[in-house]
Number of protein chains: 2
Amino acid sequence: MGSDFQVAFWAAKRAIGAASEEAYQRHGVRAGQQFILYELWAEDGLTPGELAKRLGLAVPTVTRTATRMESAGILRREPHPTDARLVRLRLTERGHELKDLMAGEVVTLTEKALRTLDQDDRERFIAYLHEVKTNLTTPTV
Amino acid sequence: MGSDFQVAFWAAKRAIGAASEEAYQRHGVRAGQQFILYELWAEDGLTPGELAKRLGLAVPTVTRTATRMESAGILRREPHPTDARLVRLRLTERGHELKDLMAGEVVTLTEKALRTLDQDDRERFIAYLHEVKTNLTTPTV
DNA sequence: GAGTATACGTTAGCCGGCTAATGAGTTGGC
DNA sequence: GCCAACTCATTAGCCGGCTAACGTATACTC
């Protein structure tokens, strides 16, 4: 059946989503917020538009997620010094603290998910995921 | 980095989601509805609860999706002959017609996603996905 | 047979993805 | 200098996942 892959991927997706939610929620972080955090840990004060570009997300997705993270005390909005159209998203102290906590959760979660795969399998798996992404987003032409 | 896998999976997930949405929407089917259709094509007249159990979904997810599919003319609700608590979801003629159309889309989509992988790779990939699902949903104990 | 317990579907509301439409601010042409 | 075009963030609203709360119908106990 051609749908084997679809079904398997979908099942894995939901399992990872549920496990992530459970792992991150202990620190008050929701599943969709982690990738924004990665970027802000690497470079604080990015704008919603810049984050959206780096993550390949729609800008409104970032805007709304940022609002929730602001409510959760993880980051705050600051006006841009020279361009009043821009908003800078800056981590609070709590946002910075999460870096180490979350890193541990990610390692634990990933290890649990891949625990039956050896190093070669893991590398192949990640390579496959990249291929799928590339195959679907690169124009066939 | 331990987050390589998470990032790669997330990117592939969104690529597949977008491609699915684009492929299925041509037939008036939204991405989340396909798995319900698979089940109903195999056995028409299932209840929301039974569908949720078979797909591992929450019942309200099925209920609401069924409502949208009903609005789209893909299925309709029928009372159960002997148990008034139950609702049977039955495909309309249009719902049945979709079977062949959707099968073609799934094959095309999957082929595009996996076009750079040979048969061995594809089987390994699917096996990895199953492993992840199993590893995350089986109690460690 | 009456009353409680259980099972089922729906509704309400949260998060995370999206597009379309708005509004405010900069930039650029003239 | 001024008006048009563009850029950026936000808001509104859709779909698809979830949990919690609700109402109704069946089953079970006594």
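So that the names make sense, note that chain A is the first sequence line, chain B the second, and so on, each numbered from 1. This one's a predicted model, so the numbers in the text were calculated from it and none came from an experiment.
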Next on the checklist: Strictly under 4.0 angstrom, non-hydrogen atoms only: write out the protein contact profile of nucleotides 19-29 of chain D, one letter per nucleotide from the 5' end, B, S or -.
Outcome noted: BB----BS---
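Using a 4.5 Å heavy-atom threshold, the side chains of B:Gln34 and A:Trp10 count as separate. Residues A:Tyr24 and A:Gln33 have side chains not in contact (no heavy-atom distance under 4.5 Å, counting atoms from C-beta outward). Proximity of A:Phe5 to B:Ile16: side-chain heavy atoms (C-beta onward) are separated by under 4.5 Å at one or more points. Considering only heavy atoms from C-beta on, A:Leu89 stays 4.5 Å or farther from A:Leu46 through its side chain.
In this view, B:Glu97 satisfies the salt bridge (Lys or Arg N to Asp or Glu O under 4.0 Å) rule with no residue, not counting sequence neighbours. Take A:Glu111 and apply the salt bridge (Lys or Arg N to Asp or Glu O under 4.0 Å) test, not counting sequence neighbours, and it matches A:Arg122. Residues forming a side chain to side chain donor-acceptor pair (under 3.5 Å) with A:His130 (at least two apart in sequence, or on another chain): none. Scored by the side chain to side chain donor-acceptor pair (under 3.5 Å) test, B:Glu105 finds B:Arg26, B:His27 as partners (sequence neighbours excluded). For B:Asp83, the salt bridge (Lys or Arg N to Asp or Glu O under 4.0 Å) partners at least two apart in sequence or on another chain are B:Arg85. A search for salt bridge (Lys or Arg N to Asp or Glu O under 4.0 Å) contacts involving B:Asp121 returns B:Arg124, not counting sequence neighbours.
A heavy atom lying under 4.0 Å from DNA chain C marks the following residues of residues 10-37 of chain B, by number: B:Trp10, B:Arg14. A heavy atom closer than 4.0 Å to some atom of DNA chain C occurs in no member of residues 94-101 of chain A.
Aromatic ring pairs are classed by plane angle as parallel below 30°, tilted from 30° to 60° and perpendicular above 60°; the pair A:Tyr128 and B:Phe125 is tilted.
Judged by distance alone, the side chain of B:Thr47 and the main-chain N or O of B:Glu50 form a donor-acceptor pair under 3.5 Å. With hydrogens and angles ignored, the 3.5 Å screen pairs a side-chain donor or acceptor of B:Thr92 with a backbone N or O of B:Gly73.
For residues 55-67 of chain A, the pairs satisfying side-chain hydrogen bond (donor to acceptor under 3.5 Å, both in side chains) are A:Thr67-A:Arg77, with sequence neighbours left out.
For DNA chain C, the contact window with chain A, defined by any atom under 4.0 Å from a protein heavy atom, covers C:dC15 to C:dT26 in 5' to 3' order.
Within the nucleic acid shown, A:Arg77 comes within 4.0 Å of sugar-phosphate atoms alone, with no base atom in reach, counting heavy atoms only. A:Thr47 comes within contact range of the sugar-phosphate backbone alone, with a heavy-atom separation under 4.0 Å but no base atom that close.
Comparing A:Gly49 and B:Gly56, the nucleotide of DNA chain D nearest to each residue sits closer to the 5' end for A:Gly49.
Rounded to 10 degrees, the angle separating the terminal helix axes of the helix from C:dG1-D:dC30 to C:dC30-D:dG1, each built from five base pairs, is 10°.
Two rings, from B:Tyr38 and B:Phe35, have their centers less than 6.0 Å apart.
The separation between A:Arg88 atom CZ and D:dA9 atom P is 12 Å, rounded to whole Å.
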